[in-house]
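Note: hydrogens, waters and symmetry copies are ignored here, and every other heavy atom, side chains too, is used.
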Amino acid sequence: MIKKWISIVYEICFCSAVIFFIYLLSFSGNDLYVARRAEGYIKLTNHSFQVQEDASAPVGIREVYEIHPSEIPADSNAFVFHSVHQNVEIYIGDKLALRMNRSPNSSIGRSPGNCWNTALITESDQGKMIRVEIQPIYKSNIGLTPEFYAGARYSIYMEILKKDFMTVLLSAVAIVLGLGFMIFTLYSGHRFAFDSSLFLMGQFAVLIGVWKLADAGVWSLLTGRGDIISYIVFLTLLLLVVPFTQYIRELFTSKDHWIWNAACIISLCVFLITMGAQITGIADMRETLWMNHLSMLLMIFIIFPMLYQQVRTEGWNSRLKAMVICMGACLIGLGADVAIYYISGNFASTNLGMIGFLVYITVLGVMSLKDARRLMTIGMQAKHLEQMAYHDQPTGLFNRAAYADDTQGEGFDPKGIVIFMFDLNNLKYCNDTFGHEKGDLYITSCAQMIQQVFGAFGRCYRVGGDEFCVLLKHKTLQDCEAMVLHLKKLTDEWNYNHQEQFTAQIAAGYAMYDKSQDYNISDTRRRADKMMYKDKYLMKQGA
């Protein structure tokens, strides 16, 4: 029950994240002012730096960098650098060339996000000093020195794209794998009943891919929406833990252990607290990110003890070895990324975590696919056996066993049920006189006509050699009479078209469950039988 509620709450959180992101797209933005537009590489290392007190700044200081004209190549047409949760102003000479800060009309968040800032340099700007004034939004961003680039804008952008190429590629692979797992599960799940944990794996892979893809600086460069890109990073991180935990637990024999539910509940609480703090303005997602990192770290303290318990219970086998290798690579990569994140103040990033996750996704995903394939094979066999167990082979209709299951199960409610009974006249005479081949034709032809008239409205059964039954619901007795007339019309047409040595006749009777007359559906069937035998008698009398 707890596992089911965790899934429900997680889906609510996931939908909340999507709604929040759509809101950001509609009502959030940065103020961007660019003085010059032009077309157009060295890394600038020599510059002066000073910290100025500024009461109007978010953390009370302004960091000022000055680049002397002699450091800037004469043919430069762009000055570019990356800022992380910082308000930015760029001056060329005494003229403001670019300003990047949070729009006052934005109702959520204080940070413009992770942004690439480009100030274009014209001919009239040559020989002028460039001054960069940065206001850190959070205290953790104080003292982070950006890397400044000057030169041809195209060359600088290509260098940025080149640096992020591997991250983008690995992220795309993770997303494609994840979508493949999810589509496979959704497609196969409708046909075969097997564990849906592969869908969780796919969901986790997609979130991992989106996280690292958004974390690549190239997207803020291309879109100019560093604020939105940053929120994608935060939202995917918040949504990662639950599908990861729900998938991992399925790999353990102790999948119902309370500790898995506890990890999911903690992650969901972190999501709700983070979203609440962000929406109410108490704290930005960047400021509460440490809680999400702690919930991720918690998984390490859960997984390894559970692995130890699994080894003691199951023994050291190839599956456990693969799990240890994959999770080790995943957690080591994640730990390295988180450590570098805090050490660099989110200026530096690596692909260690992404590579570890891809190892994890690929190996365990293949293991899950093998399990799914095995379950699909079992499911196909079970479906075939069920088909044989509950269907009459000659006619394809449901058989007596299926009728018993349908009418004697706990969920069966006879209210509103109409039961039809049918009997084939002179089947024994047909078998004895013209042979069993003609008798089989008689049976299968009548079964097809019964299915044609009643199959779209209920279930048709062959309950004896020449006896058939149909269960319908929400039909009036007038509807039933019309259906019987339709069946008799089809029978007459069949006799006319086939001109067999025997004449097909289907005696029919029906009755609707009536609690004042019937104790159960068997009593209703007896009343339908009575009407059917009366019809059989009239047919034999030629009425």
Please report the shortest heavy-atom distance between [X] and [Y], naming the atom on each side.
X    : Y    : value
K536 : L424 : NZ-O, 3.8 Å
F181 : G202 : CB-CA, 3.8 Å
L427 : G465 : CD2-O, 4.1 Å
K475 : M483 : CE-CE, 3.9 Å
A447 : L397 : CB-CD1, 3.9 Å
L239 : A17  : CD1-CB, 3.7 Å

Hey, does [Y] have a side-chain heavy atom less than 4.5 Å from the side chain of [X]?
X    : Y    : result
M449 : E493 : no
R249 : N261 : yes
P414 : N520 : no
T167 : L213 : no
R462 : P394 : yes
F204 : L207 : no
L179 : V176 : no
D466 : I443 : no

Euclidean distance, [Y] [atom2] relative to [X] [atom1], rounded to 0.5 Å:
X    : Y    : atom1 : atom2 : result
C446 : L441 : SG    : CG    : 9.0 Å
F420 : C480 : CZ    : SG    : 3.5 Å
N292 : S267 : CG    : OG    : 6.5 Å
L200 : F244 : CG    : CZ    : 12.0 Å
M512 : D518 : CE    : CG    : 11.5 Å
M201 : L177 : CE    : CG    : 9.5 Å

Exercise for the section: Answer yes when K489 and D492 have at least one side-chain N-carboxylate O distance shorter than 4.0 Å, and no when they do not. Expected result: no

Problem - Pair F271 and Y10, ring centroids less than 6.0 Å apart - result: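 Centroid separation for F271 and Y10: 6.0 Å or greater.
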
Practice task
Check whether the ring centres of F422 and F454 lie less than 6.0 Å apart, and answer yes or no.
Solution key: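 For F422 and F454, the ring centres are under 6.0 Å apart.
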
Exercise for the section: Evaluate whether atom CD of E481 has more than 12 neighbouring non-hydrogen atoms of other residues, nucleotides or ligands under 6.0 angstrom away. Expected result: no

Problem - Over 12 non-hydrogen atoms of neighbours within 6.0 angstrom of OH in Y429 - result: no

Handout entry: D535 side-chain N/O to A508 backbone N/O, donor-acceptor pair under 3.5 Å
Key = yes

Problem - Backbone N/O of Y442 and side chain of S445: donor-acceptor pair under 3.5 Å - result: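 Not at all, since once roles are kept as given, no pair shorter than 3.5 Å links the two residues.
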
Exercise for the section: Fit a plane to each ring of Y461 and F398, take the angle between them on a 0 to 90° scale, and name the class: parallel (under 30°), tilted (30 to 60°) or perpendicular (over 60°). Expected result: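 Ring orientation, 0 to 90° scale: tilted.
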
Problem - Audit row: D529, R526, salt bridge (Lys or Arg N to Asp or Glu O under 4.0 Å) steps and yes/no - result: CA-CA 5 Å; D529 265 331; R526 277 189 284 272; over 6 Å; no

Problem - Verdict with reasoning, N426 to F502, per side-chain contact (heavy atoms from CB on, under 4.5 Å) - result: CA-CA 9 Å; N426 303 318; F502 61 90; over 6 Å; no

Practice task
Determine, stepwise, if the pair F20 / Y231 fulfils ring-ring contact (aromatic ring centres under 6.0 Å, His included).
Solution key: CA-CA 9 Å; F20 178 73; Y231 279 114; 5.7 Å; yes

Practice task
Indicate whether the side chain of D227 and that of S230 have a donor and an acceptor atom separated by less than 3.5 Å.
Solution key: no

Practice task
Walk me through it: do R525 and T407 pass the test side-chain contact (heavy atoms from CB on, under 4.5 Å)?
Solution key: CA-CA 11 Å; R525 178 175 172 175; T407 57; over 6 Å; no

Practice task
Apply side-chain contact (heavy atoms from CB on, under 4.5 Å) to the pair W494 and E500, showing each step before the final yes or no.
Solution key: CA-CA 9 Å; W494 190 91; E500 293 288 344; 3.8 Å; yes

Exercise for the section: Any chance you could lay out the side-chain contact (heavy atoms from CB on, under 4.5 Å) test for L235 and M275, step after step, and finish with the verdict? Expected result: CA-CA 9 Å; L235 290 171; M275 291 295 291; 4.0 Å; yes

